[in-house]
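Single-structure report; data block below.
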Amino acid sequence: MREEILKAVAQPPKFLFAPMIPAIINLGVQFPVLFMAIGVADVNPLFFIMTIIGMHVFIAAMGFKEPHLSTMMQAYGQTNKISKNLYAQKGNKFGP
């Protein structure tokens, strides 16, 4: 069991050499825009395919620089919540 934990921490999940969450967000945003542009404006899909590949290469480069980019995004999403302080103070307090 210890080996599985170390492997998960040392090797975060990747999708075609890019961190998993940013790569899926990239595809999840660009594919609907691609299909809407083809349907509405009759745009050449080659342009969008090049932007998808270009952004994926950029995300992969950022993933080589910081392999835990997906984990950092998840942690930021959990800590970027506005908390209600019990006493009037500046900043967010995570405890009472």
Side-chain angles (χ1 to χ4, degrees):
M1 178 155 150
R2 186 172 184 87
E3 180 180 330
E4 294 172 3
I5 294 172
L6 293 176
K7 184 176 179 182
V9 170
Q11 300 171 349
K14 299 209 179 269
F15 177 70
L16 297 176
F17 304 108
M20 182 71 80
I21 292 176
I24 291 176
I25 290 172
N26 176 39
L27 294 176
V29 168
Q30 288 204 18
F31 272 123
V33 173
L34 164 73
F35 292 129
M36 286 187 289
I38 290 172
V40 172
D42 199 29
V43 176
N44 187 359
L46 187 60
F47 170 73
F48 284 101
I49 292 173
M50 297 303 279
T51 61
I52 291 170
I53 293 171
M55 281 304 297
H56 192 80
V57 168
F58 175 74
I59 292 170
M62 294 301 292
F64 283 125
K65 183 178 177 185
E66 179 57 58
H68 296 281
L69 190 60
S70 296
T71 309
M72 290 170 52
M73 289 175 67
Q74 289 173 344
Y76 178 76
Q78 292 174 359
T79 59
N80 194 27
K81 297 177 184 172
I82 297 174
S83 65
K84 294 183 180 180
N85 297 336
L86 295 176
Y87 306 106
Q89 296 177 354
K90 282 188 171 182
N92 288 334
K93 307 298 183 220
F94 294 105

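As the structure is a prediction and not an experimental result, all values here were calculated from the model.
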If I take atom [atom1] from residue [X] and atom [atom2] from residue [Y], how far apart are they, to the nearest 0.5 angstrom?
X	Y	atom1	atom2	result
N26	F58	CG	CZ	10.5 Å
I53	L16	CD1	CG	10.5 Å
I59	F64	CD1	CZ	13.0 Å
N44	M50	CG	CE	11.0 Å
I25	M20	CD1	CE	12.0 Å

Quiz item: Got a donor-acceptor contact below 3.5 angstrom from the H56 side chain to the F17 backbone?
Solution: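 No: the side chain of H56 does not pair with the backbone of F17.
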Quiz item: Are F48 and I38 close enough, and set up right, to give a side-chain contact (heavy atoms from CB on, under 4.5 Å), and what steps lead you there?
Solution: CA-CA 10 Å; F48 284 101; I38 290 172; 5.7 Å; no
Quiz prompt | same_hphob_cluster(F47, I49) at 4.5 Å side-chain heavy-atom cutoff | solution =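 F47 and I49: separate clusters.
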Quiz item: For the hydrophobic clusters of this structure (ILVMFWY residues joined by side-chain heavy atoms under 4.5 Å, transitively), does one cluster hold both V57 and I52?
Solution: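 V57 and I52: separate clusters.
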